[in-house]
Amino acid sequence: MMPKVVHSFHEPEDAVDVENGTVDTAVDVVTKEDHGEEALHLSESDGNKGSRMLLYFTTFSRFAVASFLTSAGCHVIPAVYLDTPTQDFKYASIFFILATGLLIVNAMIDFFQARGVVARTNAFLHILAPAVLEAGSISLYPGINKSGQPLAQYFFLVGTTIVCVAVFGDIGRLLHRGSAVSIASIVSQFSVIVGAVNFNYGTAFLMPEYLTSDPAIAKGGRFFVAGGVCFFVNAFATLSDKFF
């Protein structure tokens, strides 16, 4: 008599087959690992794209800053601003406000990317300097400063001094690292210092004792234009250092 064969079409929820169970488990683990790695790569890719976009912005906005500063300097020169509808420093003030506003944005981006107390302190100086210059730019706008004091000039003198201190801090940190520094980076740093010195020196010719002398004001404006050109040098040097 043949033994009776019982066919069962029911499979338990928990598989008994060790081989199948092992394969299923392995596939599940591999799938999870693949998804995890894929998510990690996507996260890194998104982060790199974000950093790249910020780098593009902070680099190419320097050309806008240089353009605004140079235009502001031109509109300080009497032969230029006397041809404007208001015949005063209105347009110079507007261009200064735009330039210093962009500098604040760039400095804040650098501040949040800085690591370490020293780097963040130096980055804060880079925020403080254009903030002071922004206050001076607003004070230069006709009708804003009613104190009778040359507030715009004082703010410009203090702000440009802080710029020099901040950049010397950058140079000190570069030297402390001991790593090789590119020529473009050196040009980028020193062009800002020379530009700030030009703005500082030009501001001296806008003090009240000189405001009655068109030649003196024109000299101050030309120093401002020279400062703006220095920031163009900074923009090109930064572009070369970051992308070439």
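Given the structure is predicted, the values throughout are model-derived calculations rather than measurements. Computed over heavy atoms, backbone and side chain alike; hydrogens, waters and symmetry mates excluded.
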Kindly say whether Val194 contributes a backbone atom to a donor-acceptor pair with the side chain of Asn198 at under 3.5 angstrom? yes
Pairing residues for [X] by the side-chain contact (heavy atoms from CB on, under 4.5 Å) criterion, not counting sequence neighbours:
X: Val181; answer: Leu174, Ser185, Ile186
X: Thr212; answer: none
X: Ile171; answer: Val167, Phe168, Leu175, Gln189, Phe190, Ile193
X: Leu133; answer: Thr100, Phe156, Thr160, Val163

Report the residues that fulfil ring-ring contact (aromatic ring centres under 6.0 Å, His included) with [X], sequence neighbours left out, ordered by chain and then residue number.
X: Phe155; answer: none
X: Tyr210; answer: Phe205
X: Phe89; answer: Tyr81

My understanding is that only residues two or more places apart in sequence, or in another chain, count here; which of them pass side chain to side chain donor-acceptor pair (under 3.5 Å) with His75? none
Taking side chain to side chain donor-acceptor pair (under 3.5 Å) as the definition, give me every residue that meets it alongside Asp214, ordered by chain and number, with sequence neighbours left out. none
Single hit among Val158, Leu157, Ile127 for side-chain contact (heavy atoms from CB on, under 4.5 Å) with Val132: Val158
Do any side-chain atoms of residues 219-244 form donor-acceptor pairs under 3.5 angstrom with protein atoms, and if so which ones, sequence neighbours left out?
from: Asn234; atom 1: OD1; to: Arg62; atom 2: NH1; distance (Å): 3.0
from: Asn234; atom 1: ND2; to: Ser188; atom 2: O; distance (Å): 2.9
from: Asn234; atom 1: ND2; to: Ser188; atom 2: OG; distance (Å): 3.0
from: Thr238; atom 1: OG1; to: Ser188; atom 2: OG; distance (Å): 3.1
from: Thr238; atom 1: OG1; to: Asn234; atom 2: O; distance (Å): 2.8
from: Asp241; atom 1: OD1; to: Ser182; atom 2: OG; distance (Å): 2.7

Minimum heavy-atom separation for Thr203 to Phe199, with atom names? OG1-O, 2.6 Å
What is the minimum heavy-atom distance between His126 and Asp170, and which atoms define it? NE2-OD2, 2.6 Å
Rounded to the nearest 0.5 Å, what's the gap from CD on Gln113 to OG on Ser51? Could you check? 6.5 Å
The salt bridge (charged side-chain N to carboxylate O under 4.0 Å, His left out) partners of Arg120 (sequence neighbours excluded) come to none
Could you list the donor-acceptor pairs under 3.5 angstrom formed between side-chain atoms of residues 104-112 and any protein atom two or more places apart in sequence or on another chain?
from: Asn106; atom 1: OD1; to: Ser61; atom 2: OG; distance (Å): 3.2
from: Asn106; atom 1: ND2; to: Ser61; atom 2: OG; distance (Å): 2.8

